[in-house]
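Residue numbers begin at 1 in each chain, while the letters A, B, ... track the order of the sequences.
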Amino acid sequence: MDEKYFPEKIENKWQQHWSETKAFEASDDDPRPKFYCLEMLPYPSGFLHMGHVRNYSIGDALAWYKRLQGFNVLHPIGWDSFGQPAEQAAIKRGVNPRDWTEENIQHMRGQMKRLGISYDWSREIAAHRPEYYKWDQWFFLKMFERGLAYKKKSPVNWCPRESTVLSNEQSSGGVCWRCGAAVEKRELEQWFFRITDYAEQLVADIKQIESGWPEKVLKRQRDWVGRSEGAFIDFALKSGDQKIRVFTTRIDTIFGATAIVLSAEHPLIDQLLEDSPLKLQVMAFAERVKSEKAARGRVVNEEEQKEGINTGVLAVNPFSGESIPVWVANYVLIEYGTGAVMSVPAHDERDFEFAQKYSLPVRRVIERISHEQESIPHDVSSEDQSIAMQHAFTDYGILVNSGNWSGKLSADAIVEMAAYAEASDFGKAAVTYRIRDWGISRQRFWGAPVPIVYCEKCGMVPVPDQDLPVRLPDRAEFSGSGESPLAGVADFVNTVCPECGAPARRDTDTMDTFVDSSWYFFRYCDPRNESMPFNSDLAKAWTPVDQYIGGDSHAVMHLIYTRFWTKFMRDLNLVNFDEPVKKLLTQGMVTNRVQGTDEWKAMSKSLGNGVDPDEMIAAFGADAARLFVLFAAPVENELRWAEAGIEGAVRFLRRVYTMVWRWHERLSNGTTEASSDEPSAAARALRRKTHQTIAKITSDFEGLHLNTIVAALMELFNELSAFEAEPVAASTADVFAVREALESLVIMLAPFSPHAAEEMWQYLGHEGGLLNSGRWPQADAELAKRDELEIPVQVNGKLRSRVLAMPDVTEEQLRIAALADEKIRAFIEGHQVVKVIVVPQRLVNVVVK
RNA sequence: GCCGGAGUGGCGAAAUUGGUAUACGCACCAGACUCAAAAUCUGGCGAGGUCAAACUCAUGUCGGUUCGAGUCCGACCUCCGGCACCA
């Protein structure tokens with residue numbers, strides 16, 4: 001043992017010890033209750049950043065806590081190692097993506113070990129290795145078998161900078177999620193996963209996880225799935241037998257429909273206009289809107305005007321029998337609902353704006369329910385209505401000018417009118433979803449190849465299971481042209497048809513890397529399985545994940561895909577539950593000041609405000625870096641980097657360490673049990689603080705309030721320092737109080753600064769390390785009780801004095817004591833005491849006037 | 001525009017869910033040690049007021065409920081995030 005605290009020496013020593021003793025390897029046959037603690041697996045960019053450090057420090061604190069409590073903890077790590085940066089490195093610098101990736105993994109693994117994160121390295125996985133992506137392909141084929149993977153030509157999101165397709169989730173807001181380039185639309189033949197088949201479950205099952213997931217993530221998922229209840233309604237054309245189907249959530253407003261508006265991409269436009277003199281004009285308009293949308297990746301921007309054109313065709317409102325014009329406009333989405341809407345200017349902002357521009361009639365059919373007004377609103381002449389309206393009235397209300405339906409409440413009319421439409425065979429109640437199928441084809445080299453072969457005779461043929469994996473070739477030309485680099489590798493492309501043996505070609509696209517990360521944490525349960533993605537008994541034993549920790553940037557990508565994937569695996573009988581993750585923590589960003597400015601932004605190379613974890617470890621030690629990161633802010637808050645703060649963490653560790661040094665000889669031989677000596681008042685106070693601290697920290701761990709745990713550890717340490725400073729006779733009872741406090745402190749410090757905790761634990765006379773000999777301390781409620789209370793006394797709600805009382809003091813005694821208090825008497829003199837409020841154990845408030 | 005979340009010392013933040021506001025740390029100030037500095041240790045640290053107290057004010061703003069409000073209710077302001085013509 002050294003008198004001084006040398007973090008580097010201690011950290012090397014214990015990292016080696018943990019590795020040699022396989023301290024963190026989880027056993028599948030451990031009878032103790034399991035706890036699966038998971039952090040989002042990193043992309044191997046080459047370097048850990050402080051965001052990773054924060055993520056893993058949080059996870060490790062929880063993993064240590066659960067281990068010390070006696071759980072069988074699974075705490076694995078792996079690499080999300082397919083993807084864009086490796087390919088960019090190949091294009092720019094001519095390196096081999098595989099070598100580049102493997103080198104990065106090696107370096108980052110070293111960094112994680114230097115941080116001393118307690119991972120079970122025996123379960124490490126990497127997505128780019130054939131033994132892993134084989135199972136991506138296996139899952140693809142299972143989806144294909146069940147019709148959940150399908151290929152179609154469709155407009156897809158195209159990132160022009162990266163020359164590849166993006167999923168809807170990855171092009172949210174019309175920009176590429178990775179590079180920020182404006183996304184274009186392209187018509188391409190693409191693979192999709194039918195996530196829409198699970199749309200209802202993705203919404204409904206939220207109730208299974210809502211207690212454990214942050215509300216903001218659930219909200220985003222609900223919005224993303226976009227469930228909405230409404231009705232389909234068919235508007236027949238005035239002439240001919242065509243019908244236009246619209247979707248509406250406000251069938252109660254249908255008497256106010258003054259037009260039908262089609263998306264420019266609506267497939268019916270062509271037929272509607274067959275004999276129309278306006279055909280050329282309308283078609284030209286539709287083409288222009290389409291090309292504008294393709295350039296922009298979405299329909300009109302908010303600043304831009306809605307534009308439309310009247311087709312001259314009339315449609316009949318099936319409720320009112322009225323004929324209304326059919327328009328084509330740029331603001332109707334083809335992707336949602338039916339690509340056609342009924343335009344109700346009086347009750348929809350967008351339709352109102354459109355109607356203003358083109359002078360379409362505004363017909364009010366819903367009135368506000370007024371509380372002052374007893375009578376039901378009456379139908380009024382249509383002239384009166386349009387004058388009055390400045391904005392659309394979008395609330396629910398009471399129907400007017402709606403034939404037989406007038407006088408009904410919106411909520412009732414919505415149900416009854418849909419039923420009527422269904423009975424009359426021109427519509428039905430329906431639920432639509434905003435979410436669309438997950439496009440997974442990528443024109444990339446560095447991903448899992450789609451296991452499909454194209455044969456002239458047999459068509460599209462799945463690769464048989466026994467031929468998996470379809471291996472990536474060792475090299476390819478990276479032209480950046482937009483076509484998959486695999487298309488240029490003849491050895492890869494040319495194959496034989498698995499069915500007829502004739503020459504055939506492979507699919508040359510690879511899968512979205514979010515496929516890899518949708519199921520990786522199941523693989524940790526059985527990482528070397530060669531015949532299945534994982535053994536389902538092992539998966540059932542370890543999963544669902546008890547606590548998942550990561551950034552909230554994946555709220556609608558990874559976290560929705562993995563929920564979908566789990567439901568699919570459930571349908572394959574691989575798992576027996578609906579939801580993969582019980583509790584989710586979304587940690588805040590680590591930010592740093594951008595040099596020369598007042599702005600705090602996420603650390604990044606390009607901004608030059610990054611902090612290198614290795615430098616922090618070298619300067620302060622991993623224990624101090626981790627302690628600081630967890631102490632500086634609540635885990636879900638932004639964390640602003642402050643080097644002075646980490647120095648404070650070192651100071652604290654050093655002080656604890658030297659205190660252990662001062663006591664270790666006296667403590668390492670003897671006093672292992674509370675002695676029968678009468679402890680001094682100071683010793684009783686120390687024990688009280690110890691047990692209060694244990695109770696507080698244990699409860700704070702359940703809510704992951706890690707910052708207040710560190711504060712509580714510091715308070716306990718301060719109490720120990722104060723005890724040391726007192727001139728106390730070192731009776732065995734007093735020494736025991738110190739032992740109890742110090743040992744508790746050291747054990748509870750382990751989740752934050754495990755190396756230092758191990759070292760100190762050893763100095764305190766324990767062999768074999770914390771995991772073998774240390775147990776999370778138990779709070780004794782009796783010892784934690786105060787033996788004297790200081791009760792604040794208020795007069796009219798203002799603090800005026802304090803009285804001392806025994807814990808078992810009665811309300812009446814407190815009342816008397818408060819009124820007898822000298823200061824209080826001065827305040828009530830000359831006033832009349834109206835009443836005295838006594839909160840047992842807490843406070844007295846004297847009300848006077 | 002719509003939907004969330006948040007506003008507490010110079011700073012990061014606490015506050016057992018309506019009961020002593022500012023725990024813990026950082027920074028700062030003073031003292032001890034030192035020839036000196038650093039490190040370390042001790043003390044101080046919301047604002048006003050005072051030799052010191054007493055006392056007054058203070059949790060974004062304004063109102064309300066209550067014996068009592070950082071916490072509950074209403075209106076507003078500011079900041080941060082998400083979504084953005086989803087019918």
With both distances kept under 3.5 Å, what pairs with [N], Watson-Crick or G-U wobble?
{"N": "B:A23", "answer": "none"}
{"N": "B:U78", "answer": "B:A6"}
{"N": "B:C72", "answer": "B:G64"}
{"N": "B:G1", "answer": "B:C83"}
{"N": "B:A38", "answer": "none"}

Which of these nucleotides, B:U20, B:A84, B:C24, is closest to any side-chain atom of A:E715?
-> B:C24
Out of B:A13, B:C3, B:C24, which nucleotide sits closest to the side chain of A:F631?
-> B:C24
Under 4.0 Å from OP1 or OP2 of [N]: is there any side-chain N or O of [X] that close?
{"X": "A:S228", "N": "B:A87", "value": "yes"}
{"X": "A:K798", "N": "B:C57", "value": "yes"}
{"X": "A:K835", "N": "B:C67", "value": "yes"}
{"X": "A:R651", "N": "B:G25", "value": "no"}
{"X": "A:R842", "N": "B:G18", "value": "no"}
{"X": "A:R654", "N": "B:U40", "value": "yes"}
{"X": "A:N637", "N": "B:A13", "value": "yes"}

Whichever of A:D351 and A:A711 has the more 5' nearest nucleotide on RNA chain B, that residue is A:A711
Ranking A:E638 and A:V710 by the position along RNA chain B of their nearest nucleotide, the one closer to 5' is A:E638
Give one of base, sugar-phosphate or nothing for [X], where a contact means two heavy atoms less than 4.0 Å apart.
{"X": "A:D223", "result": "nothing"}
{"X": "A:N707", "result": "sugar-phosphate"}
{"X": "A:F827", "result": "sugar-phosphate"}
{"X": "A:R800", "result": "sugar-phosphate"}
{"X": "A:A644", "result": "sugar-phosphate"}
{"X": "A:G648", "result": "sugar-phosphate"}
{"X": "A:R227", "result": "nothing"}

Closest heavy-atom contact between A:F319 and A:M417?
-> CZ-O, 3.5 Å
Euclidean distance for [atom1], [N] against [M] (whole angstrom):
{"N": "B:G25", "M": "B:G7", "atom1": "P", "answer": "23 Å"}
{"N": "B:A27", "M": "B:U61", "atom1": "P", "answer": "30 Å"}
{"N": "B:G81", "M": "B:G68", "atom1": "P", "answer": "40 Å"}
{"N": "B:U66", "M": "B:A13", "atom1": "P", "answer": "35 Å"}
{"N": "B:A37", "M": "B:A30", "atom1": "P", "answer": "12 Å"}
{"N": "B:C57", "M": "B:G70", "atom1": "C1'", "answer": "16 Å"}
{"N": "B:A14", "M": "B:C83", "atom1": "C1'", "answer": "34 Å"}
{"N": "B:G9", "M": "B:A23", "atom1": "C1'", "answer": "13 Å"}

Judged by whether its glycosidic angle lies within 90° of 0, B:G60 is anti
Whole angstrom is fine here: how far is it from CZ in A:R434 over to C1' in B:C2?
-> 13 Å
Take the protein atom CZ of A:R655 and the nucleotide atom P of B:A39, then report the distance between them rounded to whole Å.
-> 13 Å
Stepwise, does the salt bridge (charged side-chain N to carboxylate O under 4.0 Å, His left out) test hold for A:E200 with A:R227?
-> CA-CA 8 Å; A:E200 183 58 37; A:R227 183 181 196 278; 2.9 Å; yes
Is it true that A:W661 and A:Y5 have ring centroids separated by less than 6.0 Å?
-> no
Has [X] got more than 12 heavy atoms of other residues, nucleotides or ligands less than 6.0 Å from its [atom1]?
{"X": "A:K357", "atom1": "NZ", "answer": "yes"}
{"X": "A:E829", "atom1": "CD", "answer": "no"}
{"X": "A:E702", "atom1": "CD", "answer": "yes"}
{"X": "A:R288", "atom1": "CZ", "answer": "yes"}

Angle class for the A:F354/A:Y331 ring planes (parallel below 30°, perpendicular above 60°, tilted otherwise)?
-> tilted
